[in-house]
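Worth saying up front: this structure is predicted, and the values here are computed from it rather than measured.
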Amino acid sequence: MEQKRSKKSHSGVFITFEGGEGAGKSSVVQQLCSHFQSRQTSVVITREPGGTPFGDLVRHWLLAKEENIALGDWPELLLFLASRVQHIDQIILPALKQGKVVLCDRFNDSSIAYQGGGRSMGVDAVQELCMKVAGRIKPDVTILFDLDPIEGLARSKKVEKKESGNDGFDRLESETIAFHQRVRQTYLTLARKEPERIHVVDASQPLEVVYSDVLKIIDRQLTC
């Protein structure tokens, strides 16, 4: 059952971008930032985990493949949530209260898909925790970049090799294909439950087509 949105406590617009590895979210977010700026709209780009100095540290702990860090499922989830609280308080909520457009690469849906679905920790249990952490902050629009995990991981490996000369994956990218398939299916299930908020875009298309599709969705949603 789709949950009712709580009354907004801010005047800004909160747009989140979700999807598996290599789906091309970052490139589209940068283009959207330029689009909003061309309209003289104040916009903030941020990401999870990250967005704050504490969040950047958490990002390193969560993604680094360090042999001396054996991170369990619950510590992983709680680190994500701790970073999110700081992110909301220091970056997202202040920007929204100032009437800005916030473009966020990943938010609650990522935790639900990766930990709830991918880690098999329970979608409902993780979703409940995410709602408690986020309080009344919920995305106005969420774009889900849908892509077959095999193709997405191949893209990630190519980008990593090009940018750093290293073709290795981070800790989450290194999970099994079955893990990434569970993540994808959880995302699609969430989209079916909340079609008014979550809009699925075929990320296997050329980047310019994906961007055009995303822009149409956002323009349509923000003028409703």
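Applying the salt bridge (charged side-chain N to carboxylate O under 4.0 Å, His left out) definition to pairs two or more places apart or across chains, those involving residues 23-49 are Lys25-Asp105, Arg39-Asp219, Glu48-Arg84.
Closest approach of Phe107 to Ile137, counting heavy atoms only: CE2-O, 4.0 Å. Summarising the geometry of Asp56 relative to Gly50, their closest heavy-atom pair is OD1-CA, 3.5 Å, with the distance given to 0.1 Å. Contact detail for Gln205 and Val201: the closest heavy-atom pair is NE2-CG1, 4.4 Å. When every heavy atom of Val183 is checked against every heavy atom of Gly118, the shortest pair comes out as CG2-CA, 3.9 Å. Shortest non-hydrogen contact noted between Ser83 and Val58 is CB-CG1, 4.0 Å. When all heavy atoms of Val210 and Phe145 are compared, the closest pair comes out as CG1-CE2, 3.6 Å.
At distances below 3.5 Å, not a single donor-acceptor pair connects side-chain atoms of Asp140 with backbone N or O atoms of Ile15. Side-chain N or O atoms of His180 include one that pairs as donor or acceptor with a backbone N or O of Leu172 at under 3.5 Å. Distance alone, capped at 3.5 Å, is enough to place a donor-acceptor pair between the Ser156 side chain and the Gly22 backbone.
Hydrophobic clustering (ILVMFWY, side-chain heavy atoms < 4.5 Å, transitive): Leu207 and Ile45 are in one cluster. Both Leu215 and Val141 belong to a single network of hydrophobic side chains, linked directly or stepwise wherever heavy atoms of I, L, V, M, F, W or Y lie under 4.5 Å apart. Both Val85 and Trp61 are assigned to one and the same hydrophobic cluster, defined by single-linkage of ILVMFWY side chains at heavy-atom distances under 4.5 Å. Taken together through direct or relayed side-chain contacts under 4.5 Å among Ile, Leu, Val, Met, Phe, Trp and Tyr, Leu57 and Leu63 form part of one hydrophobic cluster. Cluster membership check: Ile143 does not share its hydrophobic cluster with Val209, using side-chain heavy-atom separations under 4.5 Å among Ile, Leu, Val, Met, Phe, Trp and Tyr.
Partners of Ser204 according to the side chain to side chain contact (heavy atoms under 4.5 Å, CB included) rule, which considers only residues two or more places apart in sequence or in another chain, are Leu147, Glu151, Asp202. With sequence neighbours excluded, the residues forming a side chain to side chain contact (heavy atoms under 4.5 Å, CB included) with Ile177 are Ile150, Leu153, Gln181, listed by chain and number. With sequence neighbours excluded, the residues satisfying side chain to side chain contact (heavy atoms under 4.5 Å, CB included) with Gln37 are Cys33, Val43. In this structure Gln86 satisfies the side chain to side chain contact (heavy atoms under 4.5 Å, CB included) test together with Thr52, Phe54, Gln90, sequence neighbours excluded. Annotation: ring-ring contact (aromatic ring centres under 6.0 Å, His included) contacts of Phe17 (sequence neighbours excluded): none.
Between the CD atom in Gln115 and the CE atom in Met121 there is a gap of 7.0 Å [rounded to 0.5 Å]. Between the OG atom in Ser212 and the NZ atom in Lys216 there is a gap of 4.0 Å [rounded to 0.5 Å].
Using modelled atom types, one finds a donor on one side chain and an acceptor on the other under 3.5 Å when comparing Arg192 with Thr189.
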With side chain to side chain contact (heavy atoms under 4.5 Å, CB included) as the criterion, how do Leu190 and Leu144 come out once you've worked through the C-alpha distance, each side chain's angles and the decisive distance to 0.1 Å? CA-CA 10 Å; Leu190 292 173; Leu144 172 56; over 6 Å; no
inquiry  = Under the criterion side chain to side chain contact (heavy atoms under 4.5 Å, CB included), I'd like the reasoning laid out for Ile92 against His87: C-alpha separation, chi angles, the key distance, then a yes or no.
reply    = CA-CA 6 Å; Ile92 297 174; His87 193 202; 3.6 Å; yes
For this session: Apply side chain to side chain contact (heavy atoms under 4.5 Å, CB included) to Val214 and Gln31, showing your working.
Result: CA-CA 10 Å; Val214 171; Gln31 288 180 282; over 6 Å; no
Exercise for review: For the pair Phe36 and Ser42, evaluate side chain to side chain contact (heavy atoms under 4.5 Å, CB included) and give the outcome as yes or no after the intermediate values.
Suggested key: CA-CA 7 Å; Phe36 280 111; Ser42 294; over 6 Å; no
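Side-chain contact between Gln185 and Leu188: present, with at least one pair of heavy atoms (C-beta onward) separated by less than 4.5 Å.
Between Glu18 and the choices Thr142, Val200, Ile112, the side-chain contact (heavy atoms from CB on, under 4.5 Å) rule is met once, by Thr142.
Remark: Arg182 does not engage Glu175 in a salt bridge, criterion side-chain N to carboxylate O under 4.0 Å.
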